[in-house]
Number of protein chains: 2
Amino acid sequence: MPYDPSAFPPFAVTVDLVVLTVRRHSLCALAVRRGEPPFQGRWALPGGFVRADEDLSQAAARELAEETGLRAHDPAAPAQDNGAHLEQLATYGDPKRDPRMRVVSVAHLALAPDLPAPRAGGDASNARWAPVEELLQQGGYGRDGEPVAPLAFDHAQILADGVERARSKIEYSSLATAFCTPEFTVGELRRVYEAVWGVALDPRNFHRKVTGTPGFLVPTGGTTTRQGGRPAQLFRAGGATLLNPPMLRPEV
Amino acid sequence: MPYDPSAFPPFAVTVDLVVLTVRRHSLCALAVRRGEPPFQGRWALPGGFVRADEDLSQAAARELAEETGLRAHDPAAPAQDNGAHLEQLATYGDPKRDPRMRVVSVAHLALAPDLPAPRAGGDASNARWAPVEELLQQGGYGRDGEPVAPLAFDHAQILADGVERARSKIEYSSLATAFCTPEFTVGELRRVYEAVWGVALDPRNFHRKVTGTPGFLVPTGGTTTRQGGRPAQLFRAGGATLLNPPMLRPEV
DNA sequence: ATCATAGTCGTCTTCCTGACGATAAACACT
DNA sequence: AGTGTTTATCGTCAGGAAGACGACTATGAT
């Protein structure tokens, strides 16, 4: 089969972003309101077209910066800068997922510490952090009693996949630190796990586990009292990316 | 941004397949010889263009059937038929990964029991099962002393990612049974783990673990002696997909 | 001074795992 | 028939990890 441009159908390729953070003890995702059809006025995940000379990860990092101002981590660099964790999630290509044309979307997952209010991107008239349960309950009612429209396109599925990826990945990797500020306490890290998994963890056993897992946490020497109560030691993320032994999500 | 077909660059979208099986105690992947440029004559992963009206998973299943005759499992169906396990792996979109044009490839991972010799697909002049170490040693020398050309495109990276996915996924899921015939013995399952991980496992501890993990194995009542030695019980895969506790890959 | 809030250290029991001894049931020889 | 070889299966023991939970410590608030 020689090179023949007419031998394959043309696709549009986009990146969509599942940007997760922990705010007020709950796992939140970044949503943007669509300013044009289809799904005009509905909430959606941020994203956009991949440019002609751009790699997929570059496109995802560019969209992340446009929507949040966050720089993505260089995967090779140690986790010391203020950037967010960014990784490819999965690709969605149902022929009917976009009514306009054939669009294949390469979804990415970004994890970030708690941020100020998001700034809307160029093609979105609004943007907000919303608890993931609120975004995922299709056709239900939000906390304020107003009906909640489901996310545009197949973005509810993408968000659900991203949340599940985050939930399972903090078990066996040090990724939970990506939700924390550069310096954090054991209690703050525990509240991240509790928010992402939606469970309560025993503070004593949690403390024993994370401080006993080699390479997970490095004490910085300082202490803080910003949570109230007895001052807590400050830590930063250690070099380990794979946790051994892993953190186990409680069953049931 | 209204709908404007000229607002986005057109991409070709392909699926590439990492098809793994265990043959003669070693983990093997399906490779096809390219019949046309670029990389003519070099080994590559099977794959092809996604059609205009096809979902990504449909395209992957179609390519798998064309290359091997295997039917992919319906993910909803229980693991009883003879089909192979098929799941999306990752997407590769470097602008220069194909010298002809902009191609985004959605790689899929397939796991199959040992099969007869592969049949070549339409656009491949040859096909074979090769040990993954042989396909991954770029520019080295094969067992027969002949120089080994690296895989075409970025297929070495894709294969490496697929192998790593398989290696980690059999730890915490029952996926290793996808390498086995519908009925198998504990020893056969152990040899799958040994081949995929490249380690030796203690038969006694392995037997205790797999028979003690609820939902992993269901005895069929029969026994077999096809491996020589004392007859072994036959099992089929149980309903559990997530193993608790997981099988742990020995370190170092 | 007392209380509430967090953080940190220990203890105890249970379960999982790795190392390894011992037995069982087939086959291939002699 | 006996002997060795191979593979399967059961049991024992010690070390480590994890859940449950008691006890103590160091702050700020009333």
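Chain letters run A, B, ... following the sequence lines, proteins first and then strands; every chain starts at 1.
Rounded to an integer number of Å, the gap from CZ of B:Arg190 to C1' of D:dT6 is 12 Å. If you take CG of A:Asn205 and P of C:dC12, they are 15 Å apart, rounded to a whole angstrom. Per the geometry, CD belonging to A:Gln233 stands 14 Å off C1' belonging to D:dA26, to the nearest Å. A:Asn244 has its CG atom 13 Å from the C1' atom of C:dT17, to the nearest Å. Nucleotide C:dC20 holds its P atom 15 Å from the CG atom of B:Leu201, rounded to whole Å. Summarising the geometry, the separation between CZ on A:Phe206 and C1' on C:dC9 is reported as 17 Å, rounded to the nearest angstrom. Here the P atom of nucleotide D:dA18 and the CZ atom of A:Arg249 are 16 Å apart, to the nearest Å. Atoms CZ (A:Arg226) and C1' (C:dT5) sit 16 Å apart, rounded to a whole Å.
Position along DNA chain C of the nearest nucleotide to B:Pro231 versus B:Pro245 favours B:Pro245 as the more 5'-ward residue. The nearest heavy atom of DNA chain D to A:Thr225 and to A:Lys209 marks one nucleotide each, and the one closer to the 5' end goes with A:Lys209. Residue order along DNA chain C, read from the 5' end via each residue's closest nucleotide, puts A:Gly229 first among A:Val186 and A:Gly229.
Between the side chain of A:Arg204 and the base of C:dG7, no donor-acceptor pair under 3.5 Å is found. Donor-acceptor pairing under 3.5 Å, judged by distance alone, is present between the side chain of A:Arg208 and the base of D:dG19. Checked by distance alone, B:Arg230 brings a side-chain donor or acceptor within 3.5 Å of a matching partner on the base of D:dA8.
Remark: aromatic rings of B:Phe235 and B:Phe184 are distant, center separation not under 6.0 Å.
Among A:Leu89, A:Asp154, A:Val18, the one residue that satisfies the side chain to side chain contact (heavy atoms under 4.5 Å, CB included) test with A:Leu159 is A:Val18.
In terms of modelled atom types and a separation under 3.5 Å, the side chain of A:His108 and the main chain of A:Leu17 share no donor-acceptor contact. Between the side chain of B:Thr213 and the main chain of B:Val210, no donor-acceptor pair closer than 3.5 Å is present.
Listed candidates were D:dC10, D:dT7, D:dA20. Nearest to the side chain of B:Gln227 is D:dT7.
Proximity of A:His207 to the phosphate of C:dG7: no side-chain N or O atom is located under 4.0 Å from OP1 or OP2.
Using a 4.5 Å heavy-atom cutoff, the side chains of B:Val199 and B:Tyr193 are not in contact.
Among the protein residues, B:Arg191 comes within range of the sugar-phosphate backbone only, with heavy atoms under 4.0 Å from sugar or phosphate atoms but none that close to a base.
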